[in-house]
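Here's the structure, in structure tokens; my notes come after.
Reminder, nothing fancy here: chain letters follow the sequence lines and each chain counts from 1.
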There are 2 protein chains.
Amino acid sequence: MALIRSWVESANSPTTEFPLNNLPCGVFSTEETEPRPGVAIGDRIVDIARLEEEGIITPEGGTVFDVPFWNDFMELGEDAWAAFRAQLTALLTEGSSDRERIEPMLIPMANARLHMPFAVSEYTDFYAGYHHATNVGTMFRGAENALPPNWLHMPIGYNGRASSVVVSGTDIRRPMGQLKGADDDRPYFAASGKFDIELEMGAVLGGASDGPVSVAEADKMIFGYVLLNDWSARDIQAWEYQPLGPFQSKATATSISPWIVTRAALEPFRADTPPRIHPLLDYIRDDGPMLYDIDLTVAIQPEGAGHETVLARTNHRELYYSSAQQIAHHASSGCPMNCGDLIGSGTISGPLRENRGSLLELSWGGKEPVEIGNGMSRSFIEDGDRLTLRGGASGDGYRIGFGECTGKVLPAR
Amino acid sequence: MALIRSWVESANSPTTEFPLNNLPCGVFSTEETEPRPGVAIGDRIVDIARLEEEGIITPEGGTVFDVPFWNDFMELGEDAWAAFRAQLTALLTEGSSDRERIEPMLIPMANARLHMPFAVSEYTDFYAGYHHATNVGTMFRGAENALPPNWLHMPIGYNGRASSVVVSGTDIRRPMGQLKGADDDRPYFAASGKFDIELEMGAVLGGASDGPVSVAEADKMIFGYVLLNDWSARDIQAWEYQPLGPFQSKATATSISPWIVTRAALEPFRADTPPRIHPLLDYIRDDGPMLYDIDLTVAIQPEGAGHETVLARTNHRELYYSSAQQIAHHASSGCPMNCGDLIGSGTISGPLRENRGSLLELSWGGKEPVEIGNGMSRSFIEDGDRLTLRGGASGDGYRIGFGECTGKVLPAR
């Protein structure tokens, strides 16, 4: 697919993340306005709340953009999403007769502050990266028992904490927690010394269900995707996670990108899941390509450093289970799924060392610290470090991006 | 403490669960009215929405009872809760001059349908019953390794699924799920054959936090308590729970009682936690009695049976960690806690066989089926069975109850 040219000149640049093909959904404020829905186009944001106020955009189902989140619009469903995208594309296309009317409703992105794009109903995090699960399993249980017996048969996941999800740019406070090393007689309460990133993507649900759904139905429930950093305290996790799974180790914060890239924008980049090692059961069997060719990076910039260093490069295609498969599994027990649910993919690592999406893997549990330039190295995150995820899908002369997903780690309280 | 007599005669009966000392919070509807907040008194419900409409009750902070849940009121905080309780007590006390004005705002409970009393923000379930954890651990790992090493040092918990919480009376559909027995070559997808109850209580948060809180602060965040049945599919759980904990095995439904009994009503019944086997770290150390002398039962009634059979009797005092300790641990990582959060206690078993709060324990994993009368026995729940939790605290000539927490199990879809 080729670039769709817009009368917003900056949207036609081959380096922008926000060409007319993208139209991602965010929430912004300026000195003059409270947080409200907006769509990124080049270096501008279309003030969607104002378009609705002016009667230019009138979703069926009533007013949905007078709130500081996209949930009310997401609830309208697939047909409304498609109609909105088609109308916005027409308004912004090069040569559109609407230019004069719309141009005053564009805000320079440089003047805007970005907020959480949606209200998170519930947050579930999966563990669906084959290389990540293999790496972590090898470290903890040895290469022969790396993958748990269930791993190749179902997407393993756990419920996370929706209240901990924050938008890119939010500072992250290093957590306190209960720790106990192998040589300690008893546990103690202290700041985590093994604070880590997890490079993930998150699916944002627009549709809801009140009973089992097929993989194809689950795919249609997805409104869009975000970048997601599942900050993880490895030492808290090691002591707490048996027998009921990760809890406080994952509860401090989960950062997401400020822009939801819609499923519609990503359609041209669909990719298949990897070959199956065991056939999957019918209820989660593959039903078409439901991963995406989205390249992903994570970079680190220590406090005071003049530049950042890329830690890893990977791709959404490296996942073993798609978000649709995760949702179909999630709903299989009858668990109701809701608009606003956020489904973390799990850490996306690739086959090579430079593809590893966590410091735990990159430094192999701290045994092989990662060089990050200027004579510095890292086993885990240090105070003052800024970690930044980026990602995008590259078409013919254009690129679809999410904006940065960044956070700076502050010392524990 | 003695009974406070009310001009509502049924509230003075020694057998009612709803004397004036109780004043629990629920949401009800009738043929004439949509769901709205109400308070139980004897065999009546006080229409709190109407009291507010008429200007009789005017919480500081504006209108809070024009919605079908108690969250807006709960958000007002401790002082508002105390003022409301004092005012309602005065209005309903024997001899009150307000009787004529209030009496028309009482609805016969028999004419009302009860709904979810609050909107669940997030749901966390703990594993804080010493006897339950010991029983389950003994079954799965042997008596010498019954308790996980961390268990005596922190309340072990996992995040549950808020969307699955339903009010008492809701039918429960037996879940489908991925199963694999020890002798099976590969997993299959089928109806759970080991569907179970967990007799718990839940703490309902009114207060919020955005960083660590002390145990004393956590206690003050609790608005009240409900009975809670954490329906559990043991066979789904066995195959899925390693390494990230229970997920679909707990996601079908969690039933709660229709009435939130406030912390204020339970004050006279405070009880200490059991003696500590190891001293607890400061951040979760006991700080006064924060359990309650609440006796609890669970009963079963098979389809077509003329009567129910009590399966187990236990008490809230049997917990090793209080809800306040659970919340302090939950917030220790900086995890934000919110009004409307529901904190499950974990299954409450006592030291004897008749005190066991789950069929898993009662039938010892199915090896010792439980006799339930009429020549019937149960290892796990069968289709058509109705399971009912009841609980209460007994004062001098009165009893504080929660209403039933009941659900009938329907065949899998």
B:Phe247 and A:Phe126 aromatic ring geometry - parallel, tilted or perpendicular at 30°/60° bounds:
perpendicular
Is B:Met176 close to A:Tyr283 at the side-chain level, that is, under 4.5 Å between some pair of heavy atoms?
no
Side-chain contact, heavy-atom cut-off 4.5 Å: A:Gln248 with B:Cys335?
yes
Highest number of heavy-atom pairs under 4.5 Å with chain A among B:Pro175, B:Ala412, B:Gly157 belongs to B:Gly157
Does A:Phe189 reach the side chain of B:Ser332, with side-chain heavy atoms less than 4.5 Å apart?
yes
Greatest number of non-hydrogen atom pairs under 4.5 angstrom with chain B, of A:Tyr241, A:Trp239, A:Tyr158, falls to A:Trp239
Let's go through B:Ile284 and A:Gln178 carefully: what are the C-alpha distance in whole Å and the side-chain angles of both, what is the deciding distance for side chain to side chain contact (heavy atoms under 4.5 Å, CB included) to 0.1 Å, and is it a yes or a no?
CA-CA 11 Å; B:Ile284 49 170; A:Gln178 200 175 121; 4.3 Å; yes
Side chain from CB out, backbone as N, CA, C, O: work out which of these in A:Leu244 comes under 4.5 Å of a heavy atom of chain B, or both, or neither.
both
For B:Phe69, does the CZ atom sit with more than 12 other heavy atoms under 6.0 Å from it, leaving out its own atoms?
yes
Would you mind telling me which of B:Ser163, B:Ser249, B:Ser164 has the largest number of heavy-atom pairs within less than 4.5 Å of chain A?
B:Ser163
When heavy-atom pairs shorter than 4.5 Å are enumerated against chain B, which of A:Pro336, A:Ala251, A:Gly137, A:Gly245 gives the highest number?
A:Pro336
Less than 4.0 angstrom from a charged side-chain N to a carboxylate O is my criterion; do B:Asp210 and A:Arg173 meet it?
no
Side chains of A:Tyr123 and B:Glu122: do they bring a donor and an acceptor to under 3.5 Å?
no
Best-contacting candidate, A:Arg174, A:His278, A:His329, A:Arg186, against chain B by heavy atom pairs under 4.5 angstrom:
A:His329
Does B:Gln242 offer a backbone N or O that forms a donor-acceptor pair with the side chain of A:Asn150 under 3.5 Å?
yes
Minimum side-chain heavy-atom gap B:His153-A:Lys180 below 4.5 Å
no
Using non-hydrogen atoms and a 4.5 Å limit, figure out which bit of B:Ala331 sits close to chain A: side chain, backbone, both or neither.
backbone
Who among A:Gly334, A:Gly160, A:Gly177 has the most heavy-atom pairs with chain B under 4.5 Å?
A:Gly160
Heavy-atom check, side chain of B:Arg161 versus side chain of A:Asp341, under 4.5 Å:
yes
Counting heavy-atom pairs under 4.5 Å with chain A, which one of B:Ala253, B:Pro149, B:Ser192 comes out on top?
B:Pro149
Just wondering, do B:Pro243 and A:Ile156 contact through their side chains at under 4.5 Å, heavy atoms?
yes
